[in-house]
Structures are given as C-alpha cells and as structure tokens.
Amino acid sequence: MSANSHTPFELPSELTIYAVGDLRSVLVEWLHMGDAPWQVNAAHLTEVDGAGIQLLGSVAQTLASQGQGHSLRIVNAPQALRRACDVLGCTSWFEWLDEGVTP
Amino acid sequence: MSRSNEFNDQEFIAQAMPAFVTEAHEQVAEMENLLLQLELQPSDRDMLDALFRCAHTVKGSAGIFGLTGVVEFTHHIETLLDLLREGRMVLSPELGSLLLECNDQILALVNEAQSGEPDLQAEAMREALVLRMSECLPTGDAAERVSHQKSAVNSPAASAGQGAAAVEGLWHLSATFGTDCFRHGMDPLSVLSYLGEQVQVVAVACDRSTLPQTAELDPESCHLLVQVAIRAVDPQGAVDNAFSFIREDCALRLIPPQSPVSTFLLLLEELPDHPRLGEMLVQVGAISNAQLHEGLEQQRRDRSPLSKQEPQLLGAILHEQSGVSPALVDAAVQKQKRRDGHADDGRFLHIPADRLDAVIDLLGELVVASASSDMLARQSRQVALVESQQRVMALIENIRNVTLQMRMVPIGGTFSRFRRVVRDTASELGKEVVLTIEGGDTELDKAVVEKIADPLMHLVRNGLDHGLETPAERLAAGKPAEGKLLLSARHESGSIVLNIQDDGRGIHRQKVLARAWERGLVEPGVVPPDHVILNMIFEPGFSTAEQVTNLSGRGVGMDVVRQNIEALRGSVAISSVQGQGTSIEICLPLTLAIIDGFLVGVDQSRFVLASESVIEVVDATSKGASLAQDALSDNGARGFYCMSLRDEILPVVCLRRLYELPSAPPARVSVVVVQAGQQRFGIEVDQLLGYHQTVIKPLSRLFSGLRGLSGSSVLGNGEVALILDVNALRQVAGDAVSTSSSVSTSRTH
C-alpha cells in the first residue's frame, strides 16, 4: 500500500463552477495514481454548487464503473455539503465518513 | 447561495447593468410592437409566443441583477401572456390596452432600477395594474394561481385548504437540466433549494449513472437529471416560480398524484438515456417496484411484432390523462419551440457604434492610401505591380462598402414606434386612423435614422392633428369614417425617399395665403405659385395660434423639421389636394459617411459639391463677373453677383472672393448651377475636376465659423478638398437675390 492511499485527497475550499475546470484535471491524476480506499477530505470546504457536486459524482461513478465495488468516501464533510447533496438528491452517491451528522 | 466572492458579483453587476438596461428597453419596445400588431390579429400564435418570450427574458435578466421589483411585476404579466399563448385566454382589446399599460410600467421599473430613485406614484399605479391583471385571469385558475403566487412567498402549508380541490397528494417532478445551464449562470442546486422552501419536498434522487467518466467529463457541462417527490395540493405555481429562470435550460415534467403507471412509463420512454430512471422513480416513491416491473413487461409485450396493440397506446393514454390534469407541464416541447423561435438569437451582435465609425474612418484612409499606391504603381510601369495593386484596391473598396453597410439599419424599427403614437394620439383626438407601413425593411444609415425620427414624429402628429378630420367630418365629406395614414420608405437612385401621406382635408391654400399675408411673409395681395404657397408652412413664424394644440405648435415648428432634414443633406417636399389629402416626401442620402462629389478647383484649392445637388455647368467669362462686381460694390466685394441664365436671374457665389483666395481669376471660369431646397444658384469656379466618391471627414470645431463648409475629404493624391455646404451657401446667395432685384430695376432705368 502506497502512502497515497492513506491520505485522503484534500478538496479545496471552493467546489464550484469556477474551480471545477482545474480540479477535474487534478482528480483525473489522482484517479490514475491513487489507490483504494478512495477518500476525499472535505474539511476545508466552504462553498459548493451543482457543478462541484457533479464533479465529485463523476469521480464516484468512475470508481463504480471499474467494477471493483469501490465507492467514493467523503471525510469530514461540512454541513453545507451534506445539505447540498440532500437537496440535489446525491447523498447516495457517496459514502459519508462522519455518520454522527444526520442529513 | 453565493457562487463566488461578493466583490466579483458587484463588479459583474456594475459592468453588465448597462447591457441589461439596453436589452430591457429593446424587449419592451418589441412587446409594444407585438401588442399593437396583435390588436389586428389577436390569435396569432407566433406573436403571442414571441410576446411571452420577451417578458420572460426581461424577468430572467432582472433576476440575475436581483431586481425583485421588476421580477415580481413582470411575473404577473408573464402569467397572463402564458395563458394567452396557450390559448386559454383571449386577447380582447381591453386586455391589450391593459398589457400596454403594464408594458410601460416594466420600462418605468427598469429605469427606476437604473436611476435608483423610487417613484411612489408609479408604484401605486403598478399595484392597481396588478389587481386588474388578476381580475382578468380565468376563474379557477385565478384563485389557484394568485393564491399560490402569494402563498409561495408565505408558506407551503397555507396552500392547503385553498382552491377547489384542497387535497394534498404526492406529485412527481422530473427535471432534466440542459447541458449549458451552468454556462448560462444557472445552478440546479439553487433551483431545487428554492423549490424546497416553497413546497414540501419528500424525496429527491439524481442519476449518477449517466455522468461521464472524470477523464472525459467537461465539468462546465451539466449532466444532471433529478426526480423529486412533492407533497402538495398544487405545486404548479411553486414549480413555475422556482424554475422560471432556468426553464430555457430544463425539461420539466410535473406528474399529478394518482397518475397511472403508464404516465411514468412514458417518462421512461422519453428519457431513454437514463436506464436507471425506473429505479429512481421507485426510490422517490413515485411508483412501486412491482408496478415498474409490471409496466415494463407490458411495454415489451406491446412492442413485440406479435402484438396487435399499437405502441402509441401509451401516448394516447397520456393525452387522455393530460386532458384531465392541466397541471401536466410539457416543458420539453415548449423548450423545442422556444429553441426554434430563438434561431435568430445567435445571429446578431451588439457593437458600440463608435467602434464601427472608427473602422469606417480607417477604411476611408485605406482607400485613399491605396489610391496613391495605385498611382505610384502605374508610374513604375510594372505590370504585375499594377495588377496586384488593382486587386488590393478592389478588395479595400469592397470592405469599405460592406462596413458602411453595417451602419445601415432598417427604418422599420422607427416606423413601428409610431404605431403607438398614432394609436394613442388618434384616440386622444377622437379620430379613427389606420396606419399602414410600407418598406419598413428599407435600410439607411444609423445616424440618419436616429436624426430623422423626431422630424418624422412631428410630421405624423401634424397629419393626425390638422390633416385628418374627425369621423363625423369625414362622413359628411363622403369619406369613410376611418382615416388613412401611410408611412413608406423606398430607395431611389442613391437616395432614400420617405413618404407620409394622409387622406385628410389637405392644405387649405386660402388660409395659408391669408396667414402669409398677415405675417408679412408675402406681400398682401400677391398670389405666388401653388408650390410656393405650400412651402410657406415650412417658413419660420408660420405656426399660427390656431394651430397650437396639445400636440403640435409647441416651438418645434415645420421650419425646424425642414432644417433638421436639410442638415442631413436631405430635402422635403409637400404636395396636397384640398379635400383629398396631403403627401410629404423626404429625400435623404443613403449615408452620411460618403459623398458622391463633384470636384472643382479655385486657385490652388479644391472643393467638393454633393453631385446630387449639381444641375448643370455653365461657361462664364470672368469679364461678365467683373462687370457685375462693379455694379454691386458691396455684394461684389463679398463675392456675389447675378447673371442671367435663360432669362432668369441666377445668383452666383464667387468662391474666389468669398474665401479671399489671392490669385486673379483665369480668363474663362465655370459656373456650377446647383439646387438647394427650392433655390437655384450658381457657384463660380476655375476648374471642373470630375466626379469623386469620397469619405467625409467632419471639420473640427476650430473651423465652425467658416461659412459654407460642411466637412473635408482627402483626395487620391493626398490633397485635402473642402466640402461645400450647398444649403449654407444658398442662405448667403438668397440674400444676394433681394438686393440684386432692387438694383436691377434701377439698372433698367
């Protein structure tokens, strides 16, 4: 197991239409180089919009389509992100690693 | 939900606000135009659709700028327009007038937003209009729509217990967000968030399975399909509201409670790219798993070649259903229609006019520069160079002509504005008028269009006020009660001809003459020829007390109209038959940027005359000129004299004298006879140098004191030619006539 697999991918503070262009390339790199468990750390996230959630969803879908049962885990998700996923109906797209927070 | 930091938002708004205001003005003008046309064809579906789209556009854009006043007010209008275009309401004349008034208020709101100064009086008017609008709504709709517009703001719970069928049910909303919605500044997250504040959202599911792989994803494209279960009595209003700005980029389906499975199956059929959709429907509780599988089975059976049933049965069932439940929103089809209607949208650009002028200026210089290259090429006698240069020149002239063409706008836009004026004015005056517009697509220079609008307006108002009679008067005269007003435009040999024609009472020669005698414009008792009498109305001071009504005679007299037209290098002529009507014809140059010029030389200087004003050229000996100068020392010193041309007196301006050019005149000079307005006069020059088409450069303010010049032009050899203002010279020559006529009488003694 490489050092990568234990450190989650750090999401930036802004996960919006303005950030998704650059972020996508980085995530593609991550998907290429990284390994299971696939985790993203959302602790620093302050802003999120539909485009941002879509990008994360695309990552989750990419993992799912590999047929190995991998899911995308979101660690330390702030309330804003959870609420946004609820509103958009995307909560089931991800695994949430702080189950103490009820959606 | 903020999508970027505050600072960028404010910057964006400040920069984009002028564009919004311009667009809003255009949309409002278009709406007025459509409303007036719809008065004659109230069920024209295309126009009703276009009308709705205009209001929708204004509302959407206003929303981006947070102009809630505009949004809320326009929303009421949009509701009515939506019912009209769906055929659920009829556009009666009263409704048409109401909508016109509302349209005016949209403009007022936009202007208020721009200036930042609220207008309480207008606000009160708007409240009254909103009330009238809600009274117009068909009953049944009215209660639900108005109450839901209000309750949408208050609370979803209030909506229960309102309206006839106050039963809550589980509704299903399927929203397919378009690929470009992010690019258009929309966010499905905000839309659904807002919806959740208006109605009770029970469950939401978004399809992840159709998201592209991250490596292939364009993150700025939207691939979201959302299924929403809503518990409400009638969420139609809330859904409309929440999705109002994103409707162009979203296909919606709102399915009422207790809809048969077939409805959902149809949804599945319509979204074949989403194989997981069925699961999602089950997930949000729209249908049960069992129902889904049973329905799909049935579909497969129906599709098999052995089945006698038509696959369209599902569709037929749905139509039956949708007949029963009007709340079924089929936005996908509407979206397609709107797409088609918007085919024009991508074809136009907004360009600041001065940028275009700068390009035209540069192209003008390019033409001149290439002409000089051409000359040098010829001198070099290198054939290949000459040919190449000629090709370059041809291309440059083409570009210049095309660019000049860009300044051309159809006059139809200006004409259409008059519909409203005519309508309101006619009704104010108690007259019935039908306005016909011909040749609206005739194009002329933008600058000309802008400057001709006011004179045209004055002439139209005049025609309505003085020309056309009241219905009673017309009937008494054996005419139909409805008066006719015709506005037309056409091209004619390098000019634009505008015509304003009415079938009214015509110009009363006697009255005009009497007024002219009264004002001393004509010697009392003298009866000038008919065309002179008619043109009296263009004389300053002719506006009589009798003519000053609410509309005309407020200091913008016919003389100013003529001045404005002539300032555009145009001319105006009037003809009239008493009892039958009046026709006013305005001739304007196609463009103010280029002049078809007749080049003349005096001493070392070069002058250009507008060739359309040149009538003929006459040889004159300088001897004759000097004789006249002796006789009229004053005028002679200033450069004016008179000569006889075919037994008529022709005043002549000698440019050499006028501009104090030093050298002595040559033995033979030419007199170019020009026509300016009604006046004919001559201009004495040394040399005739042929026709040249040149770009006009305006004279700087430094030279504004020079009489008789209106601009300059650069010739092929780099020399500067001054453009003579024939009308200004006419003024000067006109003075010469009055003095010379008295002198010539003395000479005969």
Side-chain angles (χ1 to χ4, degrees), chain A residues 9 12-34 38 40 45-67 70-72 79-95 103, chain B residues 1-6 8-9 173-175 177 179-197 201-229 242 246 249-250 276 279-281 283-284:
Chain A
F9 180 93
S13 62
E14 214 185 281
L15 188 61
T16 64
I17 183 74
Y18 304 98
V20 289
D22 291 336
L23 190 56
R24 186 202 71 103
S25 331
V26 182
L27 283 168
V28 167
E29 220 7 69
W30 181 64
L31 282 168
H32 191 62
M33 304 291 286
W38 298 95
V40 295
L45 204 55
T46 54
E47 275 194 69
V48 67
D49 72 1
I53 297 178
Q54 178 183 260
L55 179 57
L56 281 185
S58 148
V59 174
Q61 181 60 24
T62 307
L63 290 171
S65 65
Q66 286 168 357
H70 291 313
S71 60
L72 182 64
Q79 272 289 60
L81 179 59
R82 307 237 23 183
R83 227 176 298 128
C85 286
D86 284 344
V87 168
L88 211 44
C90 304
T91 310
S92 59
W93 288 3
F94 315 105
E95 253 188 63
Chain B
M1 179 158 252
S2 99
R3 307 187 67 213
S4 76
N5 63 61
E6 193 63 41
N8 280 344
D9 276 342
L173 176 69
S174 169
F177 294 96
T179 323
D180 286 328
C181 79
F182 291 150
R183 293 191 188 94
H184 292 162
M186 303 292 155
D187 186 6
L189 182 56
S190 332
V191 172
L192 290 170
S193 186
Y194 181 72
L195 182 65
E197 288 164 24
V201 168
V202 171
V204 190
C206 188
D207 190 2
R208 191 190 71 183
S209 68
T210 49
L211 294 179
Q213 303 278 293
T214 312
E216 284 144 26
L217 170 74
D218 176 358
E220 289 175 8
S221 291
C222 179
H223 305 274
L224 300 173
L225 166 72
V226 183
Q227 307 302 308
V228 188
I246 205 173
D249 284 311
C250 184
R276 287 286 183 85
E279 283 171 42
M280 284 166 64
L281 289 174
Q283 195 184 331
V284 299

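Naming: A, B, ... by sequence-line order, numbering from 1 per chain. This structure is a prediction, so every number in the text was calculated from the model and none was measured.
Contact annotation for Gln283(B): only side-chain heavy atoms (C-beta onward) come within less than 4.5 Å of a heavy atom of chain A. In this structure, the portions of Pro188(B) lying under 4.5 Å from any heavy atom of chain A include both its backbone and its side chain. Interface remark: Ala19(A) contributes no atoms to any contact with chain B (heavy atom separation under 4.5 Å). Only the backbone of Ser221(B) comes within contact range of chain A, judged by heavy atoms closer than 4.5 Å. For Leu63(A), no part lies near chain B; criterion is any non-hydrogen pair under 4.5 Å. Only the side chain of Leu31(A) has a heavy atom closer than 4.5 Å to any heavy atom of chain B.
Listed by chain and residue number, Met33(A) satisfy the side chain to side chain contact (heavy atoms under 4.5 Å, CB included) test with Glu29(A) (two or more places apart in sequence, or in another chain). With sequence neighbours left out, the salt bridge (Lys or Arg N to Asp or Glu O under 4.0 Å) criterion links Asp22(A) to no other residue.
Taking CG from Leu23(A) and CZ from Phe9(A), the interatomic distance works out to 5.0 Å, rounded to the nearest 0.5 Å. Taking CZ from Phe182(B) and NE2 from His223(B), the interatomic distance works out to 8.5 Å, rounded to the nearest 0.5 Å. Annotation: the span from Thr179(B) atom OG1 to Leu224(B) atom CG amounts to 10.5 Å, rounded to 0.5 Å.
Contact count against chain B (heavy-atom pairs under 4.5 Å) is highest for Ala60(A) among Gly21(A), Gly52(A), Ser65(A), Ala60(A). When each of Val284(B), Thr214(B), Val204(B) is scored by its heavy-atom pairs under 4.5 Å with chain A, the top score falls to Thr214(B).
Of all non-hydrogen atoms in Asp249(B) and Cys181(B), the two that sit nearest each other are CB-CB, 3.6 Å.
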